[in-house]
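What follows is one structure encoded as structure tokens, with my remarks underneath.
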Amino acid sequence: MAAKEPHASIAGVGKYLPPKVLTNHDLSKLVDTSDEWIVRRTGISERRVADDGVAASDLALPASQHALEHAGMTPEDLDLIIVATATPDMVMPSSACVLQEKLGAKNAGGFDLSAACTGFVYAMAAGEGFIASGVAKNVLVVGSECLTQNIDFTDRTTCVLFGDGAGAVVLKPADGEREILYTFVKSDGSGANLIEIPAGGSRMPSSHETIDNRMHYLKMNGQEVFKFAARTFQSLVHDSLTACGLTESDVGLIVPHQVNTRIVDQAAKGLNIPKEKIFLNLHKYGNTSAASVPIALAEAVEEGRLSKGDILILIAFGSGLTWGSAVVRW
Ligand code: UT7
């Protein structure tokens, strides 16, 4: 798909991380692992964990308020709220409706979007579509996850990777500033079993047996996902630039889904883009699934890593398998 007339702009960004920190050292007391192994194999040093009883909408609220403040808007300005999450407050109603009430966004519609780690990029593309069609003007797009509740803290191959958090952007109609030049989404369901939470849905409803067998926890084929992620990272950057008639030298900053520094290192080898132009904060937060791209974007903005007019590329990939990207002129 080629770039088109911009329909939407990013008006504001925000993030929220729960305060409780779980370090690699803490994990080494739970499973047979070490700070040295986790840092060397993933780049992660610590991650945040939401307290018991805290749900995706609770993390989404401060991130959304932050994004609205940055956009200079009030909750009443919103027409639509999309929450990308794999860990909604409950099966129904949507976390977006719960968030709407907490925010006081009384003029907005809301729904949740499920595309795992790619969820935020899908939600941005969806939000842009609502603006392009005229159905909505101002759209709050949130990625929020309480993923550690679905992590098996007896499984060292997964428990070291994931964390909790939320990030948000406010989209408004294109106004020549921070315009979204391109969005792209794709999936391949033949890889559905590579990252999954098998129980708790209609295929395998919750039962004593599913709980006894630890089927409500995330299962992952790490090596296969690693290969998919490294390959996809490169092609997303390359194809997004090509679609926009840009080259690697035009890139101001890439904000990727935060998974593993080795994936970034491997992908960067095939791209003619200096590593300093790839924003990483996964050493502090691990993989926060749908929240990882908006948290990283908000942090990049806080750190002054984007200047007016910069070409920003957002990329994400994950369970589904799903992948997607957005190109923004900042
Ligand atoms: O959002 C997308 C979701 N996920 C990802 O993108 C994750 C992609 N995959 C990865 O990042 C990597 O595959 C992992 C970090 C999950 C694993 O790293 P790896 O280098 O692929 O390790 P491996 O699976 O090949 O395992 C090597 C060894 C194994 O031991 P043996 O069988 O060689 O004795 C594992 O049991 O490392 C062992 N191992 C660990 N050792 C210490 C696996 N996890 C750990 C651990 N601590 N936490």
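None of the values given here were measured: they were computed from a predicted structure. Remember, it's 1-based here, ligands and their atoms both numbered in the order they're listed.
- Less than 4.0 angstrom separates atom 47 (N) of ligand 1 from at least one non-hydrogen atom of the protein.
- Here is the list of ligand 1 atoms found below 4.0 Å of a heavy atom in Val160: 48 (N).
- Residue, atom and distance of the protein heavy atom nearest to atom 44 (N) of ligand 1 are Trp37 CH2, 3.3 Å.
- Protein heavy atoms come within 4.0 Å of atom 18 (O) of ligand 1.
- Per-residue contacts place Ile195 under 4.0 angstrom from the following atoms of ligand 1 (heavy atoms of the residue considered): 3 (C).
- Between Trp323 and Phe228, the ring-plane angle classifies as perpendicular under the 30° and 60° cut-offs.
- In summary, the side chains of Thr242 and Asp239 do not present any donor paired with an acceptor at a separation below 3.5 Å, with no hydrogens or angles considered.
- In this structure, atom 16 (C) of ligand 1 lies nearest to the protein heavy atom Leu161 CD1, 3.8 Å.
- Under the 3.5 Å distance criterion, with hydrogens and angles disregarded, no donor-acceptor pair is assigned to the side chains of Asp112 and Thr85.
- A donor-acceptor pair shorter than 3.5 Å can be found between the side chains of Tyr285 and Glu299.
- Salt bridge absent: Arg48 and Asp164 never bring a charged side-chain N and a carboxylate O closer than 4.0 Å.
- Heavy-atom distances between Ile38 and ligand 1 stay at or above 4.0 Å for every pair.
- When hydrogens are left out, the protein atom nearest atom 5 (C) of ligand 1 is Val225 CG1, 3.5 Å; that is the closest non-hydrogen contact.
- Any N or O atom pair closer than 3.5 Å counts here, and Thr42 shares no such pair with ligand 1.
- Between Phe317 and Val259, the closest side-chain pair of non-hydrogen atoms falls below 4.5 Å.
- Salt-bridge formation is detected for the pair Lys308/Glu177: a Lys NZ or Arg NE/NH1/NH2 atom is positioned less than 4.0 Å from an Asp or Glu carboxylate oxygen.
- Counting only heavy atoms, the protein never gets under 4.0 Å from atom 31 (P) of ligand 1.
- Near Val259, meaning under 4.0 Å from any of its heavy atoms, are these atoms of ligand 1: 1 (O), 2 (C), 6 (O).
- Under the 4.0 Å criterion applied to side-chain N and carboxylate O atoms, Arg329 and Glu179 are assigned as salt-bridge partners.
- At least one N or O atom of Asn260, backbone or side chain, sits closer than 3.5 Å to an N or O atom of ligand 1.
- When only modelled atom types and interatomic distance are considered, Asn260 and Thr42 share no side-chain donor-acceptor pair under 3.5 Å.
- Residue contact check: Arg262 has heavy atoms under 4.0 Å from atoms 18 (O), 19 (P), 20 (O) of ligand 1.
- One side chain, Ser57 or Asp89, offers a donor N or O that lies under 3.5 Å from an acceptor on the other.
- We find that Asp155 and Arg214 are not joined by a salt bridge, their nearest charged nitrogen and carboxylate oxygen being 4.0 Å or further apart.
- Neither the backbone nor the side chain of Ala229 comes within contact range of ligand 1; no heavy atom lies under 4.0 Å.
- Side-chain contact check for Ser289 and Glu145: at least one donor-acceptor pair (N or O, by modelled atom type) lies under 3.5 Å.
- Using a 4.0 Å cut-off between charged nitrogen and carboxylate oxygen, Lys106 and Glu101 do not count as a salt-bridge pair.
- Checking atom 10 (C) of ligand 1 against the protein gives a heavy-atom contact under 4.0 Å.
- Protein heavy atoms are absent from the space less than 4.0 angstrom from atom 27 (C) of ligand 1.
- Between Glu46 and Lys284 there is no salt bridge, since no side-chain N of the basic residue sits under 4.0 Å from a carboxylate O of the acidic one.
- Considering Ile44, Thr322, Asn287 only, the shortest heavy-atom separation from atom 3 (C) of ligand 1 involves Asn287.
- Within a 4.0 Å radius of atom 23 (P) of ligand 1, the protein has at least one heavy atom.
- Ranking protein heavy atoms by distance to atom 20 (O) of ligand 1, first place goes to Arg41 NH2, 2.5 Å.
- Of all protein heavy atoms, the one closest to atom 38 (C) of ligand 1 is Arg156 NH2, 3.6 Å.
- Regarding atom 21 (O) of ligand 1, its nearest protein heavy-atom neighbour is Gln223 CG, 3.7 Å.
- With ligand atoms numbered from 1 in the order given, ligand 1 contributes 1 (O) to contacts under 4.0 Å with heavy atoms of Cys117.
- Taking any N or O of Met220, backbone or side chain, none lies under 3.5 Å from an N or O belonging to ligand 1.
- Within a 4.0 Å radius of atom 1 (O) of ligand 1, the protein has at least one heavy atom.
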